[in-house]
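A quick write-up on the structure given underneath.
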There are 2 protein chains.
Amino acid sequence: MKLSTKGRYGLRALLDLALHQGEGLILLKDIARRQEVSLPYLEHLIAPLIAAGLVKSARGAHGGVSLLKPPSEIKLSEVVQLLEGSIAPVDCVNNPMLCHRSASCATRDIWTEMKRAMSQVLDSMTLQDLVERQRQKGQAETEMYYI
Amino acid sequence: MKLSTKGRYGLRALLDLALHQGEGLILLKDIARRQEVSLPYLEHLIAPLIAAGLVKSARGAHGGVSLLKPPSEIKLSEVVQLLEGSIAPVDCVNNPMLCHRSASCATRDIWTEMKRAMSQVLDSMTLQDLVERQRQKGQAETEMYYI
DNA sequence: TAATTGTTGACTAAAATAATCAACTTGATA
DNA sequence: TATCAAGTTGATTATTTTAGTCAACAATTA
């Protein structure tokens with residue numbers, strides 16, 4: 001029941017991008033440095049986000065990436081779905097045909113309920129919420145230096 | 001974000017055991033057949049449940065396994081924890097020291113919230129709930145034959 | 001055209017998963 | 001007490017997934 005690095009690093013990369021919104025194109029290299037992810041790997045993490053239209057990219061000198069939609073319109077459920085695929089703990093939750101026991105399987109109901117609970121969390125949060133949360137933490141961190 | 005077969009088969013095995021409660025010792029072989037899991041694999045799935053005191057076992061002829069606690073006192077969260085380990089989507093949720101970014105990481109808050117939502121589902125359900133749910137399904141299934 | 005930046009696909013090492021197999025221990029019973 | 005029927009444990013293995021790296025390529029700008 002663990003998230004892979006795609007989901008973890010990918011969401012962090014997207015948050016990084018959202019935090020630098022309005023600064024034009026952001027270099028993948030800079031995101032990689034700030035988020036402590038290797039550049040070649042980050043490229044693979046960003047790819048599905050570009051393909052899905054969440055992020056736009058420009059090659060060449062002065063190229064980079066930036067958000068294509070406002071953070072308030074990007075639900076975390078969408079991001080996790082893109083990076084990790086379905087959040088369902090078991091495949092039969094999405095596709096009952098995968099197992100002939102599905103119709104009469106009580107445990108499947110549990111996994112379905114778990115998926116619902118997880119989706120509720122991720123559906124109710126946007127990238128904007130994450131940005132605000134991060135800014136608060138950043139603020140708190142800065143204040144620490146004065147103690 | 002997938003459950004492994006340990007969690008899936010293991011919970012099914014325990015439900016099977018609960019459904020046959022009061023029938024004395026149940027053969028692993030029978031559970032394996034009913035749940036369509038290989039016997040050698042099932043043995044490994046049952047082991048942690050025995051070690052944790054949820055299941056008692058008897059070797060030798062007329063041996064077998066049975067529940068040691070009433071199903072109503074076995075929370076699904078406990079079962080999943082035993083079979084799969086922590087349900088936390090990321091290890092840093094349980095142990096912030098694993099990553100030096102923990103204190104200032106907003107995404108970690110998301111994963112913490114997800115863990116809470118998942119735990120709530122599994123904490124609020126017992127094996128008894130699962131038994132009742134299964135009996136209803138079994139009932140519905142039986143009725144089908146008369147149509 | 002040279003430098004910079006993102007894109008893509010091939011490849012690989014390491015780890016986790018999902019088992020199987022075999023040797024062993026225990027308990028019941030003939 | 002010999003034997004058989006269980007469960008127990010540890011070693012081993014094949015497969016899949018994960019987490020990357022590397023290199024060739026494409027596009028853009030100065």
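Residue numbering restarts at 1 for every chain, and letters A, B, ... go by the order of the sequence lines. Here the structure is a predicted model, which means the values were calculated and not measured.
Between the side chain of A/Arg8 and the backbone N or O of B/Val90 there is no donor-acceptor pair closer than 3.5 Å. With hydrogens and angles ignored, the 3.5 Å screen pairs no side-chain donor or acceptor of B/Gln128 with any backbone N or O of B/Lys75. Side-chain atoms of A/Asp129 come within 3.5 Å of backbone atoms of A/Thr126 as a donor-acceptor pair (strictly under, hydrogens ignored).
For the side chain to side chain donor-acceptor pair (under 3.5 Å) test, no residue two or more places apart in sequence or in another chain qualifies with A/Ser119. A search for side chain to side chain donor-acceptor pair (under 3.5 Å) contacts involving A/Asp91 returns nothing, not counting sequence neighbours. Checked against salt bridge (Lys or Arg N to Asp or Glu O under 4.0 Å), B/Asp109 has the following partners two or more places apart in sequence or in another chain: A/Arg133, A/Lys137. By the salt bridge (Lys or Arg N to Asp or Glu O under 4.0 Å) test, B/Glu113 pairs with B/Arg116, sequence neighbours left out. For B/Glu132, there are no salt bridge (Lys or Arg N to Asp or Glu O under 4.0 Å) partners, not counting sequence neighbours.
Regarding A/Leu39, its CG atom lies at a distance of 14 Å from the P atom of C/dT4, rounded to whole Å. Put simply, CD on A/Glu43 is 16 Å from P on C/dA10, counting in whole angstrom units. Spacing between atom OH of B/Tyr41 and atom P of C/dA16 amounts to 15 Å, rounded to whole angstrom units. Atom CG of A/Leu42 is separated from atom C1' of D/dC22 by 16 Å (rounded to the nearest Å). Here D/dG20 presents its C1' atom at 17 Å from CD of A/Glu36, a figure rounded to the nearest Å.
Using modelled atom types and a 3.5 Å distance limit, the side chains of A/Ser4 and A/Glu84 yield a donor-acceptor pair.
Shown for residues 59-68 of chain A: residues whose heavy atoms fall under 4.0 angstrom of DNA chain D, namely A/Arg59, A/Gly60, A/Ala61, A/His62. Within residues 78-89 of chain B, no residue has any heavy atom closer than 4.0 Å to DNA chain D. Contacts with DNA chain C (heavy atom under 4.0 Å) in residues 25-32 of chain A: A/Ile26, A/Leu27, A/Leu28, A/Lys29, listed by number. For the segment residues 44-58 of chain B, the set of residues with a heavy atom within less than 4.0 Å of an atom of DNA chain D comprises B/His44, B/Ile50, B/Ser57, B/Ala58, in numerical order. Shown for residues 1-11 of chain B: no residue has heavy atoms falling under 4.0 angstrom of DNA chain D.
Counting heavy atoms of neighbouring residues, nucleotides and ligands inside a 6.0 Å radius, atom NZ of A/Lys6 does not exceed 12 of them.
Contact detail for B/Leu98 and B/Cys92: the closest heavy-atom pair is CD1-N, 4.2 Å. For A/Val93 against A/Lys115, the heavy-atom pair with the smallest separation is CG1-CD, 3.8 Å.
Sorted by first and then second residue, the salt bridge (charged side-chain N to carboxylate O under 4.0 Å, His left out) pairs with a member in residues 55-69 of chain B read B/Lys69-B/Glu78; sequence neighbours excluded.
A/Ser86 OG to A/Gln81 CD: the interatomic distance, rounded to the nearest 0.5 Å, is 6.0 Å.
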For residues 31-49 of chain A, dump all side-chain donor-acceptor pairs below 3.5 Å to protein atoms at least two apart in sequence or in another chain.
from    : atom 1 : to       : atom 2 : distance (Å)
A/Arg33 : NH2    : A/Asp30  : OD1    : 3.0
A/Arg34 : NE     : A/Asp16  : OD1    : 3.2
A/Arg34 : NE     : A/Asp16  : OD2    : 2.9
A/Arg34 : NH2    : A/Asp16  : OD1    : 2.8
A/Gln35 : OE1    : A/Arg12  : NE     : 3.2
A/Gln35 : OE1    : B/Arg101 : NH2    : 3.2
A/Gln35 : NE2    : A/Asp16  : OD2    : 2.8
A/Glu36 : OE1    : B/His100 : NE2    : 3.2
A/Glu36 : OE1    : B/Arg101 : NH1    : 2.5
A/Glu36 : OE2    : B/His100 : NE2    : 3.3
A/Ser38 : OG     : A/Tyr41  : N      : 3.2
A/Tyr41 : OH     : A/Thr5   : OG1    : 2.8

